[in-house]
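Since the structure comes first, as structure tokens, the remarks are kept for the end.
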Protein chains: 2
Amino acid sequence: MGMSACSHHHQASHGLEGAPLSGALEAAQVRCVRLNERMTPPRRRVLELLLQAGGPMKAYDLIAKFGENGAAAKPPTVYRALDFLSRQGFAHRIESLNAYMACRFGEETHTAAFLICGCCGETQEIEGVAPANLEGAAKAAGYTLTGVTVEARGLCTPCASA
Amino acid sequence: MGMSACSHHHQASHGLEGAPLSGALEAAQVRCVRLNERMTPPRRRVLELLLQAGGPMKAYDLIAKFGENGAAAKPPTVYRALDFLSRQGFAHRIESLNAYMACRFGEETHTAAFLICGCCGETQEIEGVAPANLEGAAKAAGYTLTGVTVEARGLCTPCASA
DNA sequence: CGCGCATTTGTTATAAAGTAACATAACTAG
DNA sequence: CTAGTTATGTTACTTTATAACAAATGCGCG
């Protein structure tokens, strides 16, 4: 759930802007065309906000920032865009934060895993940490796997040393 | 979030009752004494409901069932008990379901991992599936780990064959 | 083209999940 | 027994998310 109270606010921004931002949006667009999916204006706008943020965003912050001129969106507009972006792998829901984040990696379907600082909220998506033995345990229990969520809690360097 | 619609409702109950139930409650009580923690009536009651259910329960279902004679609890009563039970390892929050489940294992602190059927909701806690390389990835990113959540989605045997 | 179907969006309303804040009570150490 | 801490009771509210249905848009096809 929430962070522990933490007095030191560092939080490098990590967000995209300018050419990298439009490049990432363009790449998403291209990928949609290839997959026969539609990158519509609201979907594109939500992805843009996530890429600009460069970290986890709450749904209602997206809703508040959605409109170009300070106007908010209606909740379903943003939730539907988030559903789409998650289905296509452009974004992930971070369950333990009730937040959403642009996917850092390419289109290959990976096991999304996150390192979350419990103090400042800094969150990184990481690769290659699929749980060992999970396949075996699932098989033993008679489950066919469709996806795995890994969310690791910890302290980032600045928070640990403060 | 929710399950995919699914017409077949099997769901073996897995819940405790009678002697096994009171035994489990007694064991929790004993463990609390040893750790100098207090197994108070509301905490005990919430744990009892979780053990009886034998599977994930929503907070508001616990709230509704809390009172002995059909009376509901106030939300903070149950949420506080759930916080306590989670801290002590008697229960886990299942992030991707917004639900809570009694811990199936003993007191050793383990990485809680779950197999969740996306169709019928059947959920099992499993052991020994800590993510490979997570320690390394965390270290590389400068994180000190404090805990890990693993939630695997899939289809249980009845749902897969239906 | 223009008709029909599927997908997406707009909109209103409401459900579900969780917490803040503060008063009261119960344990526990001295 | 009294002061401090921990837990509970209670009211009110915030945050998060979805249902339901109407309007619009895109898209294949005759």
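Residue numbers begin at 1 in each chain, while the letters A, B, ... track the order of the sequences.
Salt bridge present: A:R93 and A:E95 bring a charged side-chain N and a carboxylate O closer than 4.0 Å.
For residues 63-81 of chain B, no residue pair satisfies the side chain to side chain donor-acceptor pair (under 3.5 Å) rule, not counting sequence neighbours. Among pairs with a residue in residues 35-47 of chain A, those fulfilling salt bridge (charged side-chain N to carboxylate O under 4.0 Å, His left out) read A:R45-A:E48, at least two apart in sequence or across chains.
Proximity of B:K74 to the phosphate of D:dT8: no side-chain N or O atom is located under 4.0 Å from OP1 or OP2. At C:dA6, none of the side-chain N or O atoms of A:R38 fall inside 4.0 Å of OP1 or OP2 (strictly under the cut-off). Residue A:R43 has a polar side-chain atom (N or O) positioned under 4.0 Å from OP1 or OP2 of C:dT8. Taking side-chain N and O atoms only, A:T40 has a distance below 4.0 Å to OP1 or OP2 of C:dT9. Contact check, B:Y79 against D:dT8: no side-chain N or O comes under 4.0 Å of OP1 or OP2.
The CD1-P distance, from A:I94 to D:dT16, rounds to 14 Å in whole Å. In this structure, CD1 of A:I63 is placed 14 Å from C1' of D:dT14, rounded to the nearest angstrom. The distance from atom CG of A:D83 to atom C1' of C:dT9 is 14 Å, rounded to the nearest whole Å. Rounding to whole angstrom units, CZ of residue A:R44 and C1' of C:dT8 are separated by 17 Å. For A:D61 and D:dT16, the CG to C1' distance is 12 Å, given to the nearest whole Å. Residue B:R80 contributes atom CZ, which lies 6 Å from atom C1' of D:dT8 at whole-angstrom precision. In this structure, B:E95 atom CD and D:dA17 atom P are separated by 12 Å, rounded to whole Å. Atoms NZ (B:K58) and C1' (D:dT18) sit 12 Å apart, rounded to a whole Å.
Both A:L51 and A:F84 are assigned to one and the same hydrophobic cluster, defined by single-linkage of ILVMFWY side chains at heavy-atom distances under 4.5 Å.
If you check the side chains of B:H14 and B:Q124, you find no donor sitting under 3.5 Å from an acceptor.
Taking only distance into account, the side chain of A:Y60 meets the base of D:dA17 through a donor-acceptor pair shorter than 3.5 Å.
Taking the nucleotide of DNA chain D with the nearest heavy atom to each of B:T77 and A:P76, the more 5' of the two is matched to B:T77.
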